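Below is one structure, written out as structure tokens; the observations come after it.
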Amino acid sequence: AETTKERILREGKIVIGIHNRSPWGFRDDKTGEATGWHPDLLKAAFSELGVEELDIRVTEFGALVPGLLAGRFDAVASGLAITPERCQQVLFGMPDLKVPDAAIVLSGNPKKIHGYADIAAQAEITMGAGRGSVVARNAIAMGVPQERMLLFPDIEANISALRAGRIDVAVLSSPTVIGLLSNGKAAGIERALPFEIVDDQANFAAIAFRREDGDLRELYDEQLARLKADGTLAKIMEKYGFGAPEAVPDTMTAEKLCGAGE
Amino acid sequence: MSIFDIWLGILQGLDVTATVTGYGLLFAVPFALIFGVAQYLAKGAVLFAVTCIIEFWRSSAVIILLFVFYYALPVVGLMLSAVTVSAMVLGLNIGGYASQAVRAGLQSLDRGQKEAGQALGLSRSMILLLIELPQALVAMSPTFVNHFIQLVKATALVSLVTLTDMTFRAKEIAQIEYNPVGIYTSLLLAYFVVCYPIAILGRLLEARISSGRELARGL
Amino acid sequence: MGFDLSFALSTVPTILGAIGTTLLVALISCLGAAGIGFGFEMLRRSGGLSGYAVRFLIDFIRATPVLAWLYFLYFVLPFYGIRLGALTVGILGLSVYFSGYLAEVFKAGIDAIPKGQSEASRAVGLSRIDTIIFIIAPQMLRNIAAPLGNYFVSILKATPYLAVLAVPEMLGQAFDIASDTYRYAEPLTVAGILFLLLALAISQAVKRVETRLLGSNRR
Amino acid sequence: MREQSPDMATEISGLNKWYGSFHVLKDIDLTVAAGSRIVICGPSGSGKSTLIRCINGLETYQGGSIALGGVKLGDNAKETTLARRDTGMVFQSFNLFPHLTVLSNCTLALRRVLKMSRRQAEDIALHYLEKVRIPEQAKKYPAQLSGGQQQRVAIARALCLSPRLMLFDEPTSALDPEMIKEVLDVMVSLASEGMTMLCVTHEMGFAREVADQVIFMDQGRIVEQARPDIFFGAPSHARAQQFLEKILH
Amino acid sequence: MREQSPDMATEISGLNKWYGSFHVLKDIDLTVAAGSRIVICGPSGSGKSTLIRCINGLETYQGGSIALGGVKLGDNAKETTLARRDTGMVFQSFNLFPHLTVLSNCTLALRRVLKMSRRQAEDIALHYLEKVRIPEQAKKYPAQLSGGQQQRVAIARALCLSPRLMLFDEPTSALDPEMIKEVLDVMVSLASEGMTMLCVTHEMGFAREVADQVIFMDQGRIVEQARPDIFFGAPSHARAQQFLEKILH
Ligand SMILES: Nc1ncnc2c1ncn2[C@@H]1O[C@H](COP(=O)(O)OP(=O)(O)OP(=O)(O)O)[C@@H](O)[C@H]1O
Ligand SMILES: Nc1ncnc2c1ncn2[C@@H]1O[C@H](COP(=O)(O)OP(=O)(O)OP(=O)(O)O)[C@@H](O)[C@H]1O
Ligand SMILES: [Mg+2]
Ligand SMILES: [Mg+2]
């Protein structure tokens, strides 16, 4: 039978799942087109092969992987982080972005938060994070007690909670924070700078494919390597305000991140 | 974006909300009628089976059913569209609730009605269709209006299966706007303009029905 | 992929850990919604301007999404100096939201009580309050046990909305496990079964109460 | 309108019925000749309604047989349906269909059971509504009528199917004194036309005026069966004496 | 038990009541002397129930006054409450509280209104249940009783509050012939004890036996008021003649 890769190349169209999260992958409200880091990357990677159309399916975060596995989309282009457990379920492309943790606080950083250590040390600080996010696990590993952490289902709830004074700091991923603060709509809050993190905590984001679509992943990896070499990748990073802290070291591969998983 | 713009933006999700509600009714109404009547008439093993089916749809968590039907069935080769899955799951869930109203309506009818039909030589099915159901449905219509409103609002869950309804539109706009109070106010108003007319319709219906009856207004 | 039973079992303790929260919220919300709904219904019956105002309030609540209620109580009230805990907000939100529906149910239950009951009560000199407590409420409960059960199940199934308030309830825990491991079938099935069992338990409990209340009516 | 067969006798023999362990009807034997008018009375709970309901096939029974015009009723559905078509029943609480007009109440069975056209059915219905003297109420709903009018509609509805036997179960006990008179008048005029009637009632005036036979039931048995003059004059059974004393006080 | 004040007269003068534009009670004047027994009859819709209900404060009225033992009833809530406490009402359809036992039906008002202890209340209730001859049914629920028994409970319930005036609204019309006898017997014995009674009924036997006065109402007016022997012998009003003809047929 036709593989997913063959079908994509024949139709010139790839179906991707996104969960509408800036900057990872979201629907542009004016054009209705998919935009964001991963969709842009996919477009750049595949357009040369005649795959011009990105058919987007927008859904909840929790439905992304089930949708991929159920064959509802060909790839998830919405900022998934590579972890060994997840590698057992899906096939990740080459890591394309380093995702360090970053914090958002009220303007002026009244509690002077500059790292997990500060959060752990001050008993009156409550921290917010995305539920099921890697950030939450990092925080626990760094000694932030669980009862001082509120896990919200989305970024907006985190921001609302911060503004309402229900939390003192929202720890998110650095690309999310950059995307959030870039359009100038988020008044009254700012990025906590600096925010100390231990380097081996950083995650790496990638596009995910079904495990049986190894050929598609290979094709994508080749294309991604090309984009890296010809500087296109750096250009897209610049577009979204990503710089050196978000760059993936050349030595880093999906295999390494998956460890025993793959 | 002003609140009005946000509100208009949210209303862009109205077509999905309306479509799912509309198709949902296609599932809910027959299910409520057939299973409500079946639970009223059936006995023994059939009754048990009917009750199990109703309880499954009524008591299961809708989110999980949506998940299973959209993301798990394709694994065994059954690929239903998002609208079909949403309409089916939400419709049958509300249909499960409404079936209880149908049954209760039938059970609360005076026994003499059925007997009078029998005495006239009408068959069981004619008694049901011509005598029992018309009275039971009219008596229960306020409840059905309640469930209709619940169906409209239950469509807020369909973003889980890639549909962009009003609630999800609100979340999309929240992505860009970071104006939660404005967005939630608009969302509230968006549902209000859809659901309030239904509630009013229910009141009118009720007034028409109860004008014929003597009610306990003496309290 | 497939369904891994041992993995499913390994998720049980985590998900079950949240059953306390889910039950607590559901039970108190049931009582709260019933209390507020009954209060609404009594006010509406007292007629006059306040009666109309309450009627609009009931329709308004029914016509607006529960998410908006939770959002306002949790994220917006603090701006006005009212800072309620997440559990309090969750319980309050669900109570208010469902009180609108329950007021309608109570209305049907009271309308079905013959007018002679409240007249007899007045004739023996009971006060209005005593009439409500000793005559109307018990008979109303008997009339509406079934639809009341419907809404108690609805309240249970609405507890996952509390995720927006960072309350760890059962379905949220299941999704957390799923997004860690990308294995959705197992935790969702476990949560689904737990919800179904709780819902059936509620239905059964309501049925018990119904039978007991109906007991005095049988020969 | 169908022809009334003249030899429409009802034959009940050895009828026994239990509700669970409760023996409601005990060895009932009763013959109702065509054109005869029988009044059944007796204390509450004695089984009068149950007997009437058995004849109309609304209840099953465990022993004995009921034959209508020579045809035995089985628990066979078809026969039961036929039996019901040949008997008309008038209930104590009217049991009109509240969602249908008076006219539709009367035409429903004609159209659905006998498959008549609307015209034909309405002609028949109006004929009988005239007979009970309320043709002008045809377009109203039952809730808009007085109790006496409602009961007369119920009688007209039963008559529409041209039953060979009319069964009345306390047709006046839910009525006001003046309305009782209305309904009894209609029944008296039916009786004078030769309709076969079996009537549970405690209207002793009516019994005296029209009944061929009065039957007294107690605890599931027919205790006494006699001509009205004899029954009211000198009931032979002690229970009947006691009963008459109370209701004629 | 409270003492019955001997001079508990009821004085109704110029009573007028409208339902919207419908004039239901027209210039009613009526004096009920303490210890007297009055029967009200008349065609359906003539306003009998409405009159009784006004006396018990269940209805408001637009003109005239009602005085109980010299105290005028206002629309003042306190006075209405007192009036209700002094009158006992027995409804046509019993209106027992179905979710309470017979005993609780009787004790509820004693405990909640008169704030008696459970013991005290039950003693009183049992006393009156004995008076209506059903003390053995105290623990049952209303649905487990026959109609006659239910109506007797309703009478006992009303008696528990030691009313000075008992109002009956067609207390036997929902009953079987035998049960009518039961209830009338209880009422006759109450009458013989000197209880003041105002009773809507069409039981002419009862009226003949116990009434001091028979009142005939028609279209909201008291058309005739006379001693029973005179009323039944030769009613002076045409409408009353016509009515009596029908119900005594
Ligand atoms: N469905 C039933 N299950 C059990 N017992 C029943 C049922 N229906 C009637 N009975 C009992 O059967 C007996 C006869 O009832 P039936 O209604 O025939 O009496 P009746 O002579 O018509 O009395 P009434 O004058 O009060 O109408 C009564 O004791 C009654 O309690
Ligand atoms: N709530 C109401 N609104 C309007 N009209 C009413 C209302 N209650 C009663 N009526 C009318 O008032 C009139 C008198 O009613 P009432 O019940 O006093 O009559 P009644 O003499 O007791 O008759 P019955 O013998 O049928 O009980 C009737 O014509 C009735 O239709
Ligand atoms: Mg009977
Ligand atoms: Mg009356």
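We name chains A, B, ... by the order of the sequence lines, and we start the count at 1 in each one. Values in this document were obtained by computation on a predicted structure and should not be read as measured data.
- Across all their heavy atoms, B:Met79 and A:Ala70 have their closest contact at CE-O, 3.9 Å.
- The contact between B:Tyr70 and chain A is made by backbone and side chain atoms together, counting heavy-atom distances below 4.5 Å.
- For A:Phe73, the part lying near chain B is the side chain, with the backbone staying farther off; criterion is any non-hydrogen pair under 4.5 Å.
- Other residues, nucleotides and ligands place no more than 12 heavy atoms under 6.0 Å from the OH atom of B:Tyr23.
- A:Val58 is listed as a side-chain neighbour of B:Glu172, based on a closest heavy-atom distance under 4.5 Å.
- Remark: A:Glu212 CD is packed, more than 12 non-hydrogen atoms of other residues, nucleotides or ligands lying under 6.0 Å away.
- A:Arg163 touches chain B through its side chain: at least one heavy atom from C-beta onward sits under 4.5 Å away, while N, CA, C and O do not.
- Using a 4.5 Å cut-off between heavy atoms, A:Ile155 touches chain B through its side chain atoms alone.
- The contact between B:Val161 and chain A is made entirely by backbone atoms, counting heavy-atom distances below 4.5 Å.
- To the nearest 0.5 Å, atoms NE2 (A:His19) and CZ (B:Phe168) are separated by 9.0 Å.
- Using a distance-only test at 3.5 Å, with no hydrogens or angles considered, a donor-acceptor pair links the side chain of A:Thr59 to the main chain of B:Leu160.
- In this structure, A:Glu60 pairs ionically with B:Lys171, as a charged nitrogen and a carboxylate oxygen lie closer than 4.0 Å.
- Applying the side-chain contact (heavy atoms from CB on, under 4.5 Å) test to B:Ala156 and every residue at least two apart in sequence or in another chain returns B:Asp165, B:Thr167, B:Tyr191.
- Between the CG atom of B:Asn179 and the CD1 atom of A:Ile159 there is a distance of 13.5 Å, given to the nearest 0.5 Å.
- To the nearest 0.5 Å, the span separating OG on B:Ser81 from CZ on A:Arg72 amounts to 7.5 Å.
- No part of B:Leu73 comes within reach of chain A, as not one of its non-hydrogen atoms sits under 4.5 angstrom from that chain.
- Interatomic distance, CD1 of A:Ile56 versus OG1 of B:Thr162, reported as 10.5 Å (0.5 Å rounding).
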